[in-house]
Amino acid sequence: QVQLVESGGGQVQAGGSLRLSCAASGVTAGTYAMGWFRQAPGKEREFVASINWSGEITYYPDSMKGRFFISRDNAKNTVYLQMNSLKPEDTAVYYCTAGKKVLVQDMGRLSNLLEAWGQGTLVTVSS
């Protein structure tokens, strides 16, 4: 079973950037599709981005395109989320997830099929 640990969260001013990392262990994470979700206080969990096992295919919902970029380094068993031009509304806990049963384009609507979740890392964007 894969275990996931996020890092890289923190406080940043609006317009700034952050890069989140998700370190996987337990199994070879390179066989899993991986993704990021976020949840802001009082709001539902929101899909941010996904990437297939090789890193060749990425998927973003329209609301995340242009400012968020997902990548992975299978040699390091790590997935990254580069976040640029951050806005106060990006404030949320960001969660890393992994699964073998879901295509990257379906990860947002089939999150119940994902097999592992990290504990989350808090991102706070101040105005």
Side-chain angles (χ1 to χ4, degrees):
Q1 185 176 357
V2 62
Q3 290 87 43
L4 305 173
V5 178
E6 302 95 336
S7 62
Q11 187 166 354
V12 63
Q13 288 191 330
S17 298
L18 277 177
R19 188 177 78 158
L20 305 183
S21 299
C22 173
S25 61
V27 294
T28 303
T31 60
Y32 285 75
M34 299 188 72
W36 291 91
F37 286 75
R38 70 184 186 184
Q39 188 164 22
K43 295 188 177 181
E44 293 187 353
R45 188 174 61 194
E46 182 178 26
F47 172 57
V48 176
S50 57
I51 189 166
N52 78 325
W53 68 272
S54 69
E56 294 176 344
I57 303 173
T58 58
Y59 184 83
Y60 307 88
D62 289 343
S63 58
M64 303 297 170
K65 289 180 179 177
R67 297 190 300 121
F68 292 81
F69 301 93
I70 190 171
S71 61
R72 68 189 298 164
D73 183 340
N74 286 342
K76 296 182 179 179
N77 265 5
T78 301
V79 173
Y80 304 98
L81 182 68
Q82 178 68 41
M83 306 185 294
N84 300 326
S85 301
L86 284 163
K87 305 175 182 179
E89 51 263 44
D90 294 319
T91 294
V93 177
Y94 284 72
Y95 297 92
C96 177
T97 186
K100 285 188 174 182
K101 304 175 183 177
V102 180
L103 299 175
V104 291
Q105 63 266 33
D106 297 328
M107 192 173 285
R109 64 180 184 90
L110 297 177
S111 60
N112 57 305
L113 298 181
L114 295 167
E115 297 162 52
W117 293 84
Q119 83 290 348
T121 186
L122 176 63
V123 173
T124 303
V125 184
S126 57
S127 57

Quick one: closest heavy-atom pair of [X] and [Y], and the distance?
{"X": "Q1", "Y": "Q3", "answer": "O-NE2, 2.9 Å"}
{"X": "G9", "Y": "V123", "answer": "CA-CG2, 4.1 Å"}
{"X": "K76", "Y": "T78", "answer": "O-OG1, 2.8 Å"}
{"X": "W36", "Y": "C22", "answer": "CZ2-CB, 3.7 Å"}
{"X": "S63", "Y": "E46", "answer": "OG-OE2, 4.2 Å"}
{"X": "A98", "Y": "L4", "answer": "N-CD1, 3.8 Å"}

Just do the salt bridge (charged side-chain N to carboxylate O under 4.0 Å, His left out) check on K87 and D90 with the steps written out, would you? CA-CA 5 Å; K87 305 175 182 179; D90 294 319; over 6 Å; no
So does [Y] get a backbone contact from the side chain of [X], meaning a donor-acceptor N/O pair under 3.5 Å?
{"X": "Q82", "Y": "R19", "value": "no"}
{"X": "Q11", "Y": "S126", "value": "no"}
{"X": "S50", "Y": "V104", "value": "yes"}
{"X": "R72", "Y": "G55", "value": "no"}
{"X": "N74", "Y": "S54", "value": "no"}
{"X": "Q119", "Y": "V5", "value": "no"}

Just verifying a value: how many Å separate [X] [atom1] and [Y] [atom2], rounded to the nearest 0.5 Å?
{"X": "M34", "Y": "N52", "atom1": "CE", "atom2": "CG", "answer": "12.0 Å"}
{"X": "R38", "Y": "T91", "atom1": "CZ", "atom2": "OG1", "answer": "9.0 Å"}
{"X": "Y32", "Y": "N77", "atom1": "OH", "atom2": "CG", "answer": "11.0 Å"}
{"X": "T97", "Y": "W117", "atom1": "OG1", "atom2": "CH2", "answer": "4.0 Å"}

I'd like to know if [Y] and [X] are part of one continuous hydrophobic network [Ile/Leu/Val/Met/Phe/Trp/Tyr, side-chain heavy atoms within less than 4.5 Å].
{"X": "F37", "Y": "L86", "result": "no"}
{"X": "V93", "Y": "F47", "result": "yes"}
{"X": "I57", "Y": "V48", "result": "no"}
{"X": "M64", "Y": "I51", "result": "yes"}
{"X": "V79", "Y": "M107", "result": "no"}

Please list, chain by chain and in numerical order, all residues satisfying salt bridge (Lys or Arg N to Asp or Glu O under 4.0 Å) with D73, sequence neighbours excluded. none
Taken in chain and number order and not counting sequence neighbours, the residues that satisfy side-chain contact (heavy atoms from CB on, under 4.5 Å) with D106 are V102, L103, R109, L110
Which ring-ring contact (aromatic ring centres under 6.0 Å, His included) pairs, counting each pair once, include a residue from residues 54-108, with sequence neighbours left out? none
Determine whether L20 and E6 satisfy the following criterion, side chain to side chain contact (heavy atoms under 4.5 Å, CB included), listing intermediate values before the conclusion. CA-CA 7 Å; L20 305 183; E6 302 95 336; over 6 Å; no
